[in-house]
Amino acid sequence: MVDNKIQEVADLLSKSKYAVTFTGAGISVESGIPPFRGEDGIYNKYDPAALDIDYFYSNTAKSWAVIKEIFYDIFEKKLPNSGHHTLAKWESEGLIKALITQNIDNLHQEAGSSNIFEFHGNSGRFVCLKCNSTFETKNIKMTTEPPKCSKCGGLLKPDFIFFGEGIPHEAYNKSIQAAQNCDLMFIIGSSGEVSPANSLPIIAKDHGAKIIEINKEKSLYTDKISDIVILGKAGEILPKIDALLK
Ligand code: NAD
């Protein structure tokens with residue numbers, strides 16, 4: 001049954017003209033990065049208030065301590081898994097035209113994908129809240145104090161969006177366009193609970209795309225818009241699809 005679905009997905013991908021992927025926290029779970037929600041989720045251990053933009057401004061030191069631990073002490077040491085690598089391979093073969101990700105862990109980039117729309121930004125950069133300069137994380141000295149801009153002394157903030165911030169304009173516009181233009185969209189490792197990102201697969205469906213969902217558990221999309229649902233681990237399923245491509 002699952003094998004039939006995997007073959008069907010491989011055939012659809014081979015025949016597609018403009019396939020796009022939409023990924024969420026689930027694709028990075030096999031790299032050792034926990035999702036926000038669920039039993040082992042980040043929210044069960046850390047107070048999500050640390051990721052609220054107003055809290056970051058008013059309680060910077062407290063907020064920074066949590067951000068550093070989650071996104072720099074934990075994320076930094078993780079490597080892309082076979083799910084990320086398969087998507088990068090498909091892009092290099094021209095099978096996938098664009099990758100929209102909600103993830104901020106930089107693992108798609110490390111795996112070699114390049115046409116990536118970072119819907120929620122990226123922890124691999126910092127932005128100065130005073131002069132707007134950006135810096136690569138690897139050039140920032142991580143201490144217990146929130147980092148400061150080497151040009152103007154302003155406070156640096158990780159360049160991913162906090163609760164209360166808007167979606168980056170360019171990533172937003174390109175993602176909407178990709179959703180409107182694709183004929184096939186993969187939803188991989190996303191529960192569909194985070195707005196407005198969760199509307200992208202719905203836009204794709206409304207514009208006639210076939211929706212393939214690969215999630216460990218059923219999501220908000222499963223019974224509503226997904227044409228083919230494969231429940232399981234992305235790092236196992238994506239290479240199986242790859243092996244059946246013509
Ligand atoms: P989510 O946490 O709401 O849902 C995760 C989904 O992944 C679930 O549907 C689950 O069934 C599925 N899943 C778990 N393990 C999987 C696996 N091995 N293979 C395939 N699917 C698997 O994720 P979301 O929809 O992306 O929303 C969470 C938000 O949190 C996003 O905005 C994202 O930016 C952010 N976030 C990012 C990271 C990251 O960058 N790695 C980590 C945590 C949270």
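Positions are given from 1, in the same order as the sequence printed here. We count ligands from 1, going down the list as the structure has it; atoms in each ligand are counted the same way.
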Q: Is the ring centre of Phe71 less than 6.0 Å from the ring centre of Trp64?
A: no

Q: Is there a heavy atom in Gly41 that sits closer than 4.0 Å to ligand 1?
A: no

Q: More than 12 heavy atoms of other residues, nucleotides or ligands under 6.0 Å from NZ of Lys148: yes or no?
A: no

Q: After noting the C-alpha distance and the side-chain angles of Phe126 and Tyr72, does the key distance pass the ring pair (Phe, Tyr, Trp, His ring centres under 6.0 Å) rule?
A: CA-CA 12 Å; Phe126 276 81; Tyr72 298 103; 5.3 Å; yes

Q: Tell me which protein heavy atom sits closest to atom 16 (C) of ligand 1, plus the residue, atom name and distance to 0.1 Å.
A: Gly26 O, 3.3 Å

Q: Has ligand 1 got any nitrogen or oxygen that is less than 3.5 angstrom from a nitrogen or oxygen of Gln102?
A: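 Among all N and O atoms of Gln102, at least one is under 3.5 Å from an N or O of ligand 1.
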
Q: Could you tell me which atoms of ligand 1, counted from 1 in the order shown, lie closer than 4.0 angstrom to a heavy atom of Pro34?
A: 42 (C), 43 (C)

Q: Taking 4.0 angstrom as the limit and counting only heavy atoms of Ser190, give me the atoms of ligand 1 inside it, by number and element.
A: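 Selected atoms, number and element: 6 (C), 7 (O), 9 (O), 24 (P), 25 (O).
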
Q: Taking only heavy atoms of Pro35 into account, list the atoms of ligand 1 that are under 4.0 Å away from them.
A: 2 (O), 43 (C)

Q: Between Gly189 and ligand 1, is there a nitrogen or oxygen pair with a distance under 3.5 Å?
A: yes

Q: Of the protein's non-hydrogen atoms, which lies at the shortest distance from atom 35 (C) of ligand 1, and what is that distance?
A: Phe36 CE1, 3.4 Å

Q: For ligand 1, find out whether one of its N or O atoms is nearer than 3.5 Å to an N or O atom of Gly24.
A: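 There is no such contact.
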
Q: Look only at interatomic distance and state if Ala234 has a nitrogen or oxygen under 3.5 Å from any nitrogen or oxygen of ligand 1.
A: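 Yes.
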
Q: What I want to know is whether Glu30 and ligand 1 share at least one N or O pair that is separated by under 3.5 angstrom.
A: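 Checking ligand 1 against Glu30, an N or O pair does fall under 3.5 Å apart.
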
